[in-house]
Number of protein chains: 2
Amino acid sequence: MEGKATIQDVARVAEVSIATVSRVINNQGGVRKATEERILKAIEETGYIRNAAARSIKIKDTKTIGVIVPDINNPFFPSVMAGIEQKARENGYLAILASTNESTVVEGEILKNFIERGVDGVILTTANEAGDHLKQVHEQGIPVVAVDRSIQRYDCDTVLVDNVKGSYQAVQHMILQGHEKIAIICGPQNTTPGRERFIGYKKALEDYNIPLDERYIIQGDFGERSGYLAAKELHDLEERPTAIFASNNLMTIGCVKAVSALDWKLGEEVSFFGFDDVEIATFVNPKLSVVSRPMHAVGEIAFQLLHERIQFKEPLPKREYKLSPELIVRESSRALFPKGIQSGQTS
Amino acid sequence: MEGKATIQDVARVAEVSIATVSRVINNQGGVRKATEERILKAIEETGYIRNAAARSIKIKDTKTIGVIVPDINNPFFPSVMAGIEQKARENGYLAILASTNESTVVEGEILKNFIERGVDGVILTTANEAGDHLKQVHEQGIPVVAVDRSIQRYDCDTVLVDNVKGSYQAVQHMILQGHEKIAIICGPQNTTPGRERFIGYKKALEDYNIPLDERYIIQGDFGERSGYLAAKELHDLEERPTAIFASNNLMTIGCVKAVSALDWKLGEEVSFFGFDDVEIATFVNPKLSVVSRPMHAVGEIAFQLLHERIQFKEPLPKREYKLSPELIVRESSRALFPKGIQSGQTS
DNA sequence: GTGAAAGCGCTAACAT
DNA sequence: ATGTTAGCGCTTTCAC
């Protein structure tokens, strides 16, 4: 019992050949009921578990997919992962996860390791959109789907959230509530999300003929501190904005902290919209309006796409999904001057 | 180039035998510089990546450990995972993660899959402390270390956080600040953390000769709503507690929400201590005092223990680590009557 | 219905 | 320094 029992051991105990044992293990039928039972009993007795390594050396697929994320501590990824995992399980796959800590090198190592282990496919949010380190995977013909960040150097299925649309809608919502002095706290412009969310902002203003005002465009770095600083900067303006849009979760947190510290009345003196729902959103008063990403769905679709690739190895064309984010309007975004009174006037 | 290149292909291209190729792959030395370079070039050319399956069929270890968590969305686990991963990487191991969604059945399946894949060891927070489903792992002689929840049926190394100590210290802290009417929002008493945190509470009161008051002991279920309800119940009391201890993160959130809704002045009218640091802790005003668990360290130690088991397969005795939680005193816990005035007494 | 035997890709003696 | 070869545990013809 101790140590690994092999198919040989089972065969010996059941007094049959290994071929027959193999047949029942993979229930291919064609085995007499009696022998099958004898074998089953032998398996039980020996505590046999088949060796996947030996198996997958013959068989091509491993029914395993690898998932790679840049930062396991960012709540976005566990949610996506949950979606992947659920779909994977439904389809008889095991999803294994590894985190790169935003390091391209580590990502390459993990990738290699996954390939060595013969994963059937990979879902990843890369630490490096250039994608040169994906060469190996590509060469092996292993299907890949990119999530949240696209890959430049190689074509692969991609599932993104429509950042442009999300920020557009948030800004539009505030415009329709009468705001014109709308500030944005941008993410880094060398990242896709940072760029796209800024584009949505500009597009909304443009569509409603509101000129871009440089004073209201603050560069942040997706970090909490930069959100804090940005809010402060906006508050220092002679002509303060009446609404703020923060491009991500951390900057949302920083911004709200600052607004509160400055005793700038959220929702009243300044409306607010954040990108990505955060735990504190429903905690602060007033509750935060946000653009929420369908993370679970992202995971499900990513698996879906991957699964199709795995099944029909044919060279399907590259596909790109763009999921629509959802506008969650809570209390921090309000109509400007509900009584129709203009700024600078007395009541 | 397309499709898997094998060691054979490399040997052919480099015009050497597969043995020599194997030698350079595993850099065992004893290969002339020139040939080595030829082989390296051939590897590059063919895009060869060694097949881990074929390898681990001969070699015993896979340099891979499996990590199983019950709920990937609970922020506790990603943190622990980060600790495990870091140590694993430092030691040349790859950590793969899978989540059971608190299902014993799924946990069994994952375990089996991990065994099939020949993981060298497993770190898990089980969905079922009884541990009958761990039979298979045990039989295979694969080392296991339990994290945060212990395993009853089998002996294995365990790393826990000292719940009793954590809640003891929190309550003690409040006692030393003059509080006597200290309420607890308990977790389920059929879970180890729920039980232990209650024990620490009782012990602290006992040590300071404060009689247990049933009115101040509220049963919760570790869910946010129960924390909310509990706070309400306490507020309804004729003789309200002057301090509250909440046994976990979610109930902390619920409780604080309720306190705020009831306009019960946190820190002033009622002191507060939570178990587990939460994002909102530093967000609300006043900032929350909490018992914080050293999650990263838990992960590091778990790997450490596992690694030792993997290396010296000898039957070490079962080891149990209990890490001390850290008391983070912020603003929600304050001295009762800071001027030294005793309850019911005159100065 | 069952078994014998040939590999799968690799490592590790054992030769040379 | 390099090659030959015997397996590792398994699946899969091909016989019987």
Side-chain angles (χ1 to χ4, degrees), chain A residues 3-40 42-43 46-64 112-113 115-120 140-142, chain B residues 3-40 42-43 46-64 112-113 115-120 140-142:
Chain A
K4 331 279 166 179
T6 79
I7 199 173
Q8 299 280 2
D9 301 324
V10 177
R12 193 175 323 113
V13 173
E15 296 177 296
V16 291
S17 77
I18 60 168
T20 310
V21 175
S22 177
R23 282 187 192 102
V24 351
I25 291 169
N26 302 292
N27 38 172
Q28 300 173 159
V31 177
R32 203 182 312 165
K33 199 77 187 139
T35 18
E36 170 159 3
E37 258 150 31
R38 208 144 27 92
I39 292 172
L40 257 20
I43 289 179
T46 53
Y48 169 75
I49 291 192
R50 89 150 135 18
N51 180 325
R55 175 168 213 263
S56 61
I57 212 177
K58 295 237 61 170
I59 300 301
K60 285 295 98 172
D61 60 341
T62 57
K63 290 288 182 192
T64 303
K112 180 166 176 197
N113 199 300
I115 297 170
E116 288 185 353
R117 298 217 133 56
V119 296
D120 295 343
Q140 304 291 318
I142 295 177
Chain B
K4 330 279 164 182
T6 77
I7 199 173
Q8 300 279 2
D9 301 323
V10 177
R12 191 175 326 111
V13 173
E15 297 178 293
V16 292
S17 76
I18 59 167
T20 310
V21 176
S22 176
R23 280 186 194 104
V24 349
I25 290 170
N26 303 292
N27 39 171
Q28 299 172 159
V31 177
R32 203 183 314 165
K33 199 75 185 141
T35 18
E36 171 161 2
E37 257 150 31
R38 207 145 27 94
I39 292 172
L40 256 20
I43 290 178
T46 55
Y48 169 76
I49 291 192
R50 88 150 138 14
N51 181 325
R55 174 166 214 264
S56 61
I57 213 178
K58 292 238 61 173
I59 300 299
K60 285 293 97 174
D61 59 341
T62 58
K63 289 288 183 192
T64 303
K112 181 168 174 195
N113 199 300
I115 297 170
E116 288 185 352
R117 299 219 131 57
V119 295
D120 295 343
Q140 304 291 319
I142 295 177

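Each chain gets a letter, A, B and so on, in the order the sequences are listed, and its residues count up from 1.
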### Task
Would you mind reporting whether B:Gln8 and B:Ile18 have side-chain heavy atoms less than 4.5 Å apart?
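They are in contact (side-chain heavy atoms under 4.5 Å apart), so the answer is yes.
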### Message
Contact between A:Thr20 and A:Glu15 at the side-chain level, heavy atoms closer than 4.5 Å - yes or no?
### Response
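They are not in contact (no side-chain heavy atoms under 4.5 Å apart), so the answer is no.
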### Task
Sequence neighbours left out, what passes side-chain hydrogen bond (donor to acceptor under 3.5 Å, both in side chains) with A:Arg55? Give chain and number order.
A:Asn26
### B:Arg23 side chain to B:Gln28 backbone, donor-acceptor under 3.5 Å
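No.
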### Donor-acceptor contact present, side-chain B:Gln140 to main-chain A:Gly47, <3.5 Å
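It does hold such a pair.
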Looking only at non-hydrogen atoms, find the nearest pair between [X] and [Y] and report the distance.
X: A:Glu36; Y: A:Val31; result: N-CG1, 3.9 Å
X: A:Ile25; Y: A:Tyr48; result: CD1-CE2, 3.5 Å
X: A:Ala42; Y: A:Val13; result: CB-CG1, 3.7 Å
X: A:Glu116; Y: B:Ile49; result: CG-CG2, 3.6 Å
X: B:Arg32; Y: B:Thr35; result: O-OG1, 2.8 Å

### Task
Kindly determine whether A:Lys4 and B:Ile142 satisfy side-chain contact (heavy atoms from CB on, under 4.5 Å), including the steps that lead there.
CA-CA 10 Å; A:Lys4 331 279 166 179; B:Ile142 295 177; 3.9 Å; yes
### Query
For DNA chain C, what residues of residues 7-20 of chain B have any heavy atom nearer than 4.0 Å?
B:Ile7, B:Ile18, B:Ala19
#### Entry: Residues from residues 23-33 of chain A lying under 4.0 Å of DNA chain C - heavy atoms
A:Arg23, A:Gly30, A:Val31, A:Arg32
#### Entry: First and last nucleotide of DNA chain D, 5' to 3', lying under 4.0 Å from heavy atoms of chain B
D:dA1 to D:dG9
### Message
Going 5' to 3' along DNA chain C, between which two nucleotides do contacts with chain A fall, using a heavy-atom cut-off of 4.0 Å?
### Response
C:dG1 to C:dG9
### Message
Over all strands shown, is A:Ser56 touching base, sugar-phosphate only, or nothing at heavy-atom distances under 4.0 angstrom?
### Response
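The answer is nothing, as A:Ser56 stays clear of every strand by at least 4.0 Å.
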### Message
By the 4.0 Å heavy-atom rule, please label A:Thr6 as base, sugar-phosphate, or nothing.
### Response
sugar-phosphate
### Task
Show the numbers, then the answer: is there a side-chain contact (heavy atoms from CB on, under 4.5 Å) between B:Asp9 and B:Arg12?
CA-CA 5 Å; B:Asp9 301 323; B:Arg12 191 175 326 111; 3.3 Å; yes
### Task
Return the set of residues passing side chain to side chain contact (heavy atoms under 4.5 Å, CB included) with B:Thr62 (not counting sequence neighbours), or none when no residue passes.
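Side chain to side chain contact (heavy atoms under 4.5 Å, CB included) check on B:Thr62 returns A:Arg117, B:Ser56, B:Thr64, B:Asp120.
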